[in-house]
J.: 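One structure coming up, written as structure tokens, with questions to follow.
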Protein chains: 2
Amino acid sequence: MSSRLRLPLPPSAQHDPFKVSCSTCALRQVCLPTGLPAAEVVQLERLVSDRHAVARGAVLFKTGDVFEAIYIVRTGFFKTSTSAEDGRDQVTGFHMAGELLGLDGIYDGAYASQAVALEDSQVCVVPYGRLEDLTREFDRLRRQFHRLMSRELVRDQAMMVLLGSMRAEQRVAAFLINLMRRLRARGFSSSSVVLRMTRDEIGSHLGLTLETVSRTFSRMQEDGVLEVRARELRVLKPRQLLQLVRRAA
Amino acid sequence: MSSRLRLPLPPSAQHDPFKVSCSTCALRQVCLPTGLPAAEVVQLERLVSDRHAVARGAVLFKTGDVFEAIYIVRTGFFKTSTSAEDGRDQVTGFHMAGELLGLDGIYDGAYASQAVALEDSQVCVVPYGRLEDLTREFDRLRRQFHRLMSRELVRDQAMMVLLGSMRAEQRVAAFLINLMRRLRARGFSSSSVVLRMTRDEIGSHLGLTLETVSRTFSRMQEDGVLEVRARELRVLKPRQLLQLVRRAA
DNA sequence: CGCGTCCTTGAACCTTTTCAATTCAGGTGG
DNA sequence: CCACCTGAATTGAAAAGGTTCAAGGACGCG
């Protein structure tokens, strides 16, 4: 009934779990190789030789770790968070299949954030030095890489608007809409989800307390917009949810 | 007595205002060519052939404009803001000499934000298509470009933490510290500034109302941390200002 | 099946916003 | 050169939204 946050792997990958094949990967429409010519995808495949399993709760990289690779979520679900020196900790994002992790490490050679798996996951490992080299030769790959970095900037801007000018209800609505849209782009139901994160993590991401998130879910349920049972969530009135966001502060 | 947000131009530029010379530019330590070998700087100079004056209040680019170039602030001061369809508008950043504008346009070929000059300014125009080409050949330039994009991501994360978990006083303190640090990196006084933006614009950037910004300035003045007279601002106790940020929520 | 973690809900409190009234500063024109 | 005028900034008081503190309940994992 509800979406499971795991994509079926293509036959080739199922048979040989260590072989990476971007060309046949189910994610190729939402991943780094999107739109690249076959020749460049092949190059990328050779680069992304390694795959890595990350158990639920395990840390993929943490703040200050030497930056050596970018990761692409293959299956599963991650959260990234910053940890300021004064213990201030904030979830900066949730990441699902096809999304890149670790781009913030390019700047000074150390990751600026921490990535933790929220369910048993797999990532593709993209050694950064070799990616850099590859972007020299391959124009389309280089441009795609730049586009993805830029997309992150656009997303961050949207997040700033959310944090800077939206009320609790709007933030939660915007969060859910964003989540469902990304799930839909991956072929999942756009009405049902099993959340992989706690209310606390959602709150941290949205600049709210876990109590406010919980209350907001409850209110949306009373209003008939959502059906909430613990982590199981169902959007009953998508249009009304959209209205909640659009409504000016 | 107070810093003026304008750097003296090198003699060569003063004599021929249309000739761009990164090699001799006063900004080369805080700009795109930072750390590049001379040969690559020369290439960059040839690329950045155009300079552009932007009068106070004028729009450099706006949301939806076709993305053709990245801009680098040469003199003056800019704000960037997003304008959501529902009229929700937020200042996403303030930008001074040496800082890049427009990177958010790479993603889909249209700027995602708007840039407005807050004082009479000049920008260097970097045609993006040609920059892309140049990054193919020149390894250091390409890496530097990636580093700068990544730095934006790191900054955005810091901004999210500010917006998501700091109280008004902490936000204002963090804003001032950040501003003064950037001014100092450009050779200005790190204690005095004439702000180029209104309380409203500061508030929009920090997720606060203009009244709260004003009250916070007043309180800091009462506490002897700042001296505020309209847009003229002086930091009297930098360490105390730092303490304000570090103090957990 | 029990324990721990997560979630929900209530009530009081606090910060920030909102609304409103002055005050101030800077630029313009007489 | 000064008076005026307009946008910006300050300040106060009331209201709202969210947090904090606290207690109880549900769920899932071992």
J.: Using whole Å, report how far CZ of B/Phe217 lies from C1' of C/dC24.
T.: 17 Å
J.: Round to the nearest Å and state the distance from B/Leu233 atom CG to D/dT10 atom P.
T.: 10 Å
J.: Using a 4.0 Å heavy-atom cut-off across all strands, classify B/Thr198 as base, sugar-phosphate, or nothing.
T.: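 Sugar-phosphate contact only - B/Thr198 comes under 4.0 Å of backbone atoms but never of a base.
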J.: Provide the closest heavy-atom pair for A/His205 versus A/Val91 in the form atom of the first, atom of the second, distance.
T.: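 Shortest heavy-atom contact: ND1-O, 3.0 Å.
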J.: So that I can tick it off, tell me whether A/Glu227 and A/Lys237 are bridged by a salt bridge, with the cut-off set at under 4.0 angstrom between side-chain N and carboxylate O.
T.: no
J.: Taking any heavy-atom pair under 4.0 Å as a contact, classify B/Leu210: base, sugar-phosphate, or nothing.
T.: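 Here B/Leu210 touches the bases of the nucleic acid.
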J.: So does A/Arg215 reach the base of D/dG17 with its side chain, donor to acceptor, closer than 3.5 Å?
T.: no
J.: Rounded to the nearest angstrom, tell me the gap between atom CD in A/Glu201 and atom C1' in C/dC7.
T.: 13 Å
J.: Which whole-number value in Å describes the distance from A/Met166 CE to D/dG18 P?
T.: 13 Å
J.: Take B/Val228 and A/Arg219, find for each the nucleotide of DNA chain D with the closest heavy atom, and name the residue whose nucleotide sits nearer the 5' end.
T.: B/Val228
J.: Strictly below 4.0 Å: does A/Thr209 bring a side-chain N or O up to OP1 or OP2 of D/dT19?
T.: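 Yes, A/Thr209 has a side-chain N/O under 4.0 Å of OP1/OP2 on D/dT19.
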J.: Among the nucleotides C/dA25, D/dT10, C/dC6, which one has an atom lying closest to any side-chain atom of A/Arg231?
T.: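 For A/Arg231, the side-chain atoms sit closest to C/dC6.
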J.: Just to be sure I understand the rule, does A/Gly207 reach a base, reach only the sugar-phosphate, or reach nothing, if contact means heavy atoms closer than 4.0 Å?
T.: sugar-phosphate
J.: Can you check whether any acceptor in the base of D/dC21 is under 3.5 Å from a donor in the side chain of A/Glu211, or vice versa?
T.: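 Yes, the side chain and the base share a sub-3.5 Å donor-acceptor pair.
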J.: Counting side-chain heavy atoms from CB outward, which of C/dT17, C/dT16, C/dT8 is closest to B/Ala168?
T.: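 So the nucleotide nearest the side chain must be C/dT16.
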J.: Once you apply a heavy-atom cut-off of 4.0 Å, does A/Thr212 come out as touching a base, just sugar-phosphate, or nothing?
T.: base
J.: With side chain to side chain contact (heavy atoms under 4.5 Å, CB included) as the test, would you mind laying out the steps for B/Phe217 and B/Val225 before giving the verdict?
T.: CA-CA 9 Å; B/Phe217 277 165; B/Val225 178; over 6 Å; no
J.: Using whole Å, report how far CD of A/Glu222 lies from P of C/dG10.
T.: 9 Å
J.: Can you check the B/Arg167 CZ to C/dC14 C1' distance for me, whole Å?
T.: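 Interatomic distance, CZ of B/Arg167 to C1' of C/dC14: 8 Å.
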J.: Given atom CG of A/Leu208 and atom P of D/dT20, what is their separation to the nearest angstrom?
T.: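 Those two atoms, CG and P, are 11 Å apart.
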J.: In whole angstroms, how far is the P atom of C/dC6 from the CZ atom of A/Arg196?
T.: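 Rounding to the nearest Å, CZ of A/Arg196 and P of C/dC6 are 15 Å apart.
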J.: Check step by step if side chain to side chain contact (heavy atoms under 4.5 Å, CB included) holds for B/Met180 and B/Val235.
T.: CA-CA 9 Å; B/Met180 303 315 286; B/Val235 180; 4.2 Å; yes
J.: Give a yes/no on whether any side-chain N or O of B/Ser218 is located under 4.0 angstrom from OP1 or OP2 of D/dT11.
T.: yes
J.: Assess whether a salt bridge exists between B/Arg182 and B/Glu99, defined as any Lys/Arg side-chain N lying under 4.0 Å from an Asp/Glu carboxylate O.
T.: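 Looking at B/Arg182 and B/Glu99, the cut-off is met.
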